[in-house]
Amino acid sequence: MEILKIVSVAVAGTVLACVLKKESPPFAMAVSIATGVIIFLQILSCFSQIISTLYEITGEGGIDGGYVSLILKITGIAYISQLGCEICKDAGESAIGTKIEIAGKILIAYVCLPLITAIFGTVMDIL
């Protein structure tokens, strides 16, 4: 089971980071970041399977693949900004983390502009 590997890496990284935090805070931070990267790499294969399945489903349903790309971009922005935010907060820089959150939200809104425009165009056509 994939989750057991992920939790094992997370617990080992957490224990190591806690032990190192007293002696060498920079190394503790490096261990924390490395643990996050290892966990991310472990789930990449799952993510690629999700993407290919979404494209298959939309292809069979006759849905424009651009919408799937949009959803994937939004999801990616959300995950990456949350990860960056949490890393900053773990390092004691919550103000920078908050700015990453705001930037992520603005980028999501920006990426959604074509969809919002299409929705408004459809509504205007109906009216």
Side-chain angles (χ1 to χ4, degrees):
M1 290 181 30
E2 217 42 47
I3 193 66
L4 292 177
K5 292 178 193 175
I6 292 169
V7 171
S8 298
V9 167
V11 169
T14 301
V15 169
L16 186 57
C18 287
V19 169
L20 288 173
K21 190 176 279 187
K22 295 175 186 165
E23 300 296 321
S24 179
F27 283 127
M29 181 57 140
V31 166
S32 178
I33 291 171
T35 301
V37 168
I38 291 169
I39 291 170
F40 180 74
L41 291 174
Q42 285 180 322
I43 62 168
L44 272 181
S45 63
C46 296
F47 192 65
S48 65
Q49 182 63 38
I50 291 168
I51 292 170
S52 63
T53 302
L54 282 173
Y55 277 113
E56 279 179 34
I57 292 170
T58 56
E60 291 173 4
I63 300 170
D64 184 11
Y67 294 124
V68 175
S69 295
L70 183 65
I71 290 169
L72 293 174
K73 285 179 187 178
I74 291 167
T75 304
I77 291 169
Y79 283 148
I80 291 169
S81 61
Q82 181 181 4
L83 178 64
C85 175
E86 293 300 324
I87 289 172
C88 289
K89 287 181 179 179
D90 287 346
E93 295 294 333
S94 60
I96 295 173
T98 302
K99 293 185 181 45
I100 291 174
E101 283 180 329
I102 292 168
K105 291 173 184 175
I106 291 170
L107 285 172
I108 287 172
Y110 175 74
V111 168
C112 287
L113 282 177
L115 180 61
I116 293 168
T117 304
I119 290 170
F120 279 128
T122 304
V123 168
M124 295 306 288
D125 288 343
I126 292 172
L127 296 176

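Basis for what follows: all heavy atoms, side chains included, without hydrogens, waters or symmetry-related copies.
The heavy-atom pair separating F47 from L72 by the smallest distance is CZ-CD2, 4.5 Å. Among all heavy-atom pairs drawn from I39 and A10, the shortest one is CD1-CB, 3.8 Å.
To the nearest 0.5 Å, the span separating OG1 on T98 from NZ on K89 amounts to 5.0 Å. Here the CG-OG1 distance, from L127 to T122, works out to 11.0 Å after rounding to the nearest 0.5 Å. Atom CE of M124 sits about 11.0 Å away from atom CD1 of I126, to the nearest 0.5 Å. Note that CD of E2 is 9.5 Å distant from CD1 of I43, once rounded to the nearest 0.5 Å.
A 4.5 Å side-chain heavy-atom check between L70 and P114 finds every atom pair outside the cut-off. Inter-residue side-chain proximity for K99 and E93 is flagged as unmet; no heavy-atom pair is nearer than 4.5 Å. Within the 4.5 Å cutoff, the side chain of T35 has no heavy atoms near those of the L16 side chain.
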Donor-acceptor pairs are to be reported for all side-chain atoms of residues 76-87 against protein atoms at under 3.5 Å, with residues two or more places apart or in another chain.
unit_1: S81; atom_1: OG; unit_2: I77; atom_2: O; d: 2.8
unit_1: S81; atom_1: OG; unit_2: A78; atom_2: O; d: 3.1

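Note on residues 37-59: pairs passing side-chain hydrogen bond (donor to acceptor under 3.5 Å, both in side chains), not counting sequence neighbours, are Q49-T53, Y55-S69.
Atom OH of Y67 has 12 or fewer neighbouring heavy atoms from other residues, nucleotides or ligands inside a 6.0 Å radius. Around CD of E23, the count of heavy atoms belonging to other residues, nucleotides or ligands within 6.0 Å does not exceed 12.
Cluster membership for V68 and I71, using ILVMFWY side-chain heavy atoms within less than 4.5 angstrom, is not shared. Both V37 and L44 are members of a single hydrophobic cluster when ILVMFWY side chains are connected at heavy-atom separations under 4.5 Å. In the hydrophobic cluster analysis, where Ile, Leu, Val, Met, Phe, Trp and Tyr join through side-chain heavy atoms closer than 4.5 angstrom, I74 is grouped together with L115. Clustering ILVMFWY residues whenever any of their side-chain heavy atoms sit less than 4.5 angstrom apart, transitively, puts I100 in a cluster other than the one holding I106.
Not one N or O on the side chain of S32 forms a donor-acceptor pair closer than 3.5 Å with the backbone of A28.
Each of L4, V9, I3 was scored for a side chain to side chain contact (heavy atoms under 4.5 Å, CB included) with V7, with one residue passing: I3.
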